[in-house]
2 protein chains.
Amino acid sequence: MATTVEFRQMLRGAALRVTRPRVAVLSAVHAHPHADTESIISAVRGDLPKVSHQAVYDSLRALTEAGLVRRIQPAGSVARYEARVGDNHHHIVCRSCGTIADADCATGEAPCMTASDDGGFSIDEAEVIYWGLCPACSTAHRSSSANLA
Amino acid sequence: MATTVEFRQMLRGAALRVTRPRVAVLSAVHAHPHADTESIISAVRGDLPKVSHQAVYDSLRALTEAGLVRRIQPAGSVARYEARVGDNHHHIVCRSCGTIADADCATGEAPCMTASDDGGFSIDEAEVIYWGLCPACSTAHRSSSANLA
DNA sequence: TCCTTTTCTTGAACGAGTCAAGTGTTTGCA
DNA sequence: TGCAAACACTTGACTCGTTCAAGAAAAGGA
């Protein structure tokens with residue numbers, strides 16, 4: 001867990017002004033990976049009870065554009081944020097409860113980076129989302145299926 | 001391009017009631033791949049001027065659940081639909097204009113289907129989204145960069 | 001410390017999508 | 001073909017994540 005001083009340095013290193021809301025947002029994203037905006041607002045208000053939701057939205061956008069956090073948004077979900085940036089990891093999303101887990105890509109490094117036919121597009125990122133059931137929902141689903149049988 | 005009769009058969013084959021809105025929605029999705037809901041509503045109203053948006057939403061849900069259409073939703077986009085189902089193709093999304101193109105997966109069949117560490121999840125689908133610039137935006141972007149230099 | 005620029009607060013607004021109640025259609029069956 | 005039940009559609013209101021806008025506050029360089 002990084003310290004406040006480190007968060008401030010991260011902001012300065014990204015040429016962003018150091019403000020209390022931004023430090024708190026950056027800290028919250030580090031502390032709660034894959035949290036949605038509302039959860040981040042709650043976490044931030046643990047430190048700064050009076051921050052506006054707009055400040056959090058603005059901070060998240062600034063941090064995302066600066067590359068300090070990464071925004072992910074699986075289909076049907078609200079925006080979520082994580083602090084693990086710069087590597088090529090992907091996500092596993094539970095269809096039942098929406099839980100998100102990290103996953104390193106199967107074949108090592110950027111396996112899907114090149115489409116077989118890119119249609120003339122210049123591709124800069126390949127995003128992989130695995131869909132399935134988390135361990136808890138998987139168990140629940142199996143037992144409910146058993147009950148039906 | 002499939003005929004109305006074929007669309008009706010597709011609906012019946014999926015155990016769905018055959019209604020004019022559903023046939024029109026299915027037809028519209030076939031005619032306009034990657035269209036968003038509003039575009040589909042417009043297309044449907046070319047045939048049936050009085051359909052409600054709710055009917056289109058309901059139809060799209062029914063068709064999606066029946067597997068006759070596929071719903072895609074890249075981060076930051078509204079829901080889009082396509083009729084190409086049953087294969088393992090992915091999508092290329094233009095960061096600038098939002099255009100979506102189809103892409104067959106790089107290494108043939110389901111290359112990313114297995115995460116190296118699935119965290120105990122039972123995975124049933126791997127969705128790949130390539131991000132980049134479409135040919136038109138790529139050209140525009142290059143020339144504007146040149147102007148800046 | 002002062003000034004400029006950026007960021008935050010406040011409060012309203014937007015828009016894709018959903019909910020709910022009632023009406024209209026489709027379909028299976030007599 | 002006609003009927004009944006189930007399902008789908010219309011209408012209209014509503015939710016909620018997110019954005020917009022104007023003015024107040026704060027950060028950082030001079």
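Only this structure's heavy atoms are used, side chains among them; waters, hydrogens and symmetry mates stay out.
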S.K.: Hey, what else clusters with A/Ile72 if you join Ile, Leu, Val, Met, Phe, Trp, Tyr whenever side-chain heavy atoms sit under 4.5 Å?
M.R.: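 Members other than A/Ile72 - counting any ILVMFWY side chain reachable under 4.5 Å - are A/Val93, A/Ile100, A/Ile129, A/Trp131.
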
S.K.: In this structure, is the centre-to-centre distance between the rings of A/His30 and A/His32 below 6.0 Å?
M.R.: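 A/His32 vs A/His30: aromatic centres not under 6.0 Å.
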
S.K.: How close or far is atom C1' of D/dT19 from atom CG of A/Leu60, stated in whole angstroms?
M.R.: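 Answer to the nearest Å: 14 Å.
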
S.K.: For the helix from C/dT1-D/dA30 to C/dA30-D/dT1, how many degrees between its two end axes (five pairs per end), to the nearest 10°?
M.R.: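 One end axis against the other gives 40°.
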
S.K.: Under the 3.5 angstrom rule, does the side chain of A/Thr139 hit a backbone N or O of A/Pro135 as a donor-acceptor pair?
M.R.: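 Side chain of A/Thr139 to backbone of A/Pro135, a donor-acceptor pair under 3.5 Å: yes, one is there.
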
S.K.: Between C/dT23 atom C1' and B/Lys50 atom NZ, what is the distance in whole Å?
M.R.: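 In whole Å, C/dT23 C1' lies 14 Å from B/Lys50 NZ.
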
S.K.: For the backbone of A/Arg17 and the side chain of A/Arg22, can you confirm whether one donor and one acceptor N or O come within less than 3.5 Å of each other?
M.R.: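 A pair under 3.5 Å: yes.
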
S.K.: Between A/Leu16 and A/Ala66, what is the shortest heavy-atom contact and its length?
M.R.: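 Here A/Leu16 and A/Ala66 meet closest at CD1-CB, 3.8 Å.
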
S.K.: Is the centre of the B/Tyr81 ring less than 6.0 Å from the centre of the B/His34 ring?
M.R.: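 Distance test on ring centres: not under 6.0 Å, no.
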
S.K.: Take nucleotides 25-30 of chain D nucleotide by nucleotide from the 5' end and write B, S or -, depending on whether a protein heavy atom sits under 4.0 Å from the base, only from the sugar-phosphate, or from neither.
M.R.: -BBS--

S.K.: Supply the members, apart from A/Val5, of the Ile/Leu/Val/Met/Phe/Trp/Tyr cluster built from side-chain contacts under 4.5 Å; use none for a lone residue.
M.R.: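 ILVMFWY cluster around A/Val5 holds nothing else.
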
S.K.: What does the B/S/- profile of nucleotides 13-19 of chain C look like, 5' to 3', with a 4.0 Å heavy-atom cutoff to protein?
M.R.: ---SBBB

S.K.: Give every residue pair that meets the side-chain hydrogen bond (donor to acceptor under 3.5 Å, both in side chains) criterion with at least one member in residues 40-51 of chain B, sequence neighbours excluded.
M.R.: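 Qualifying pairs: none.
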
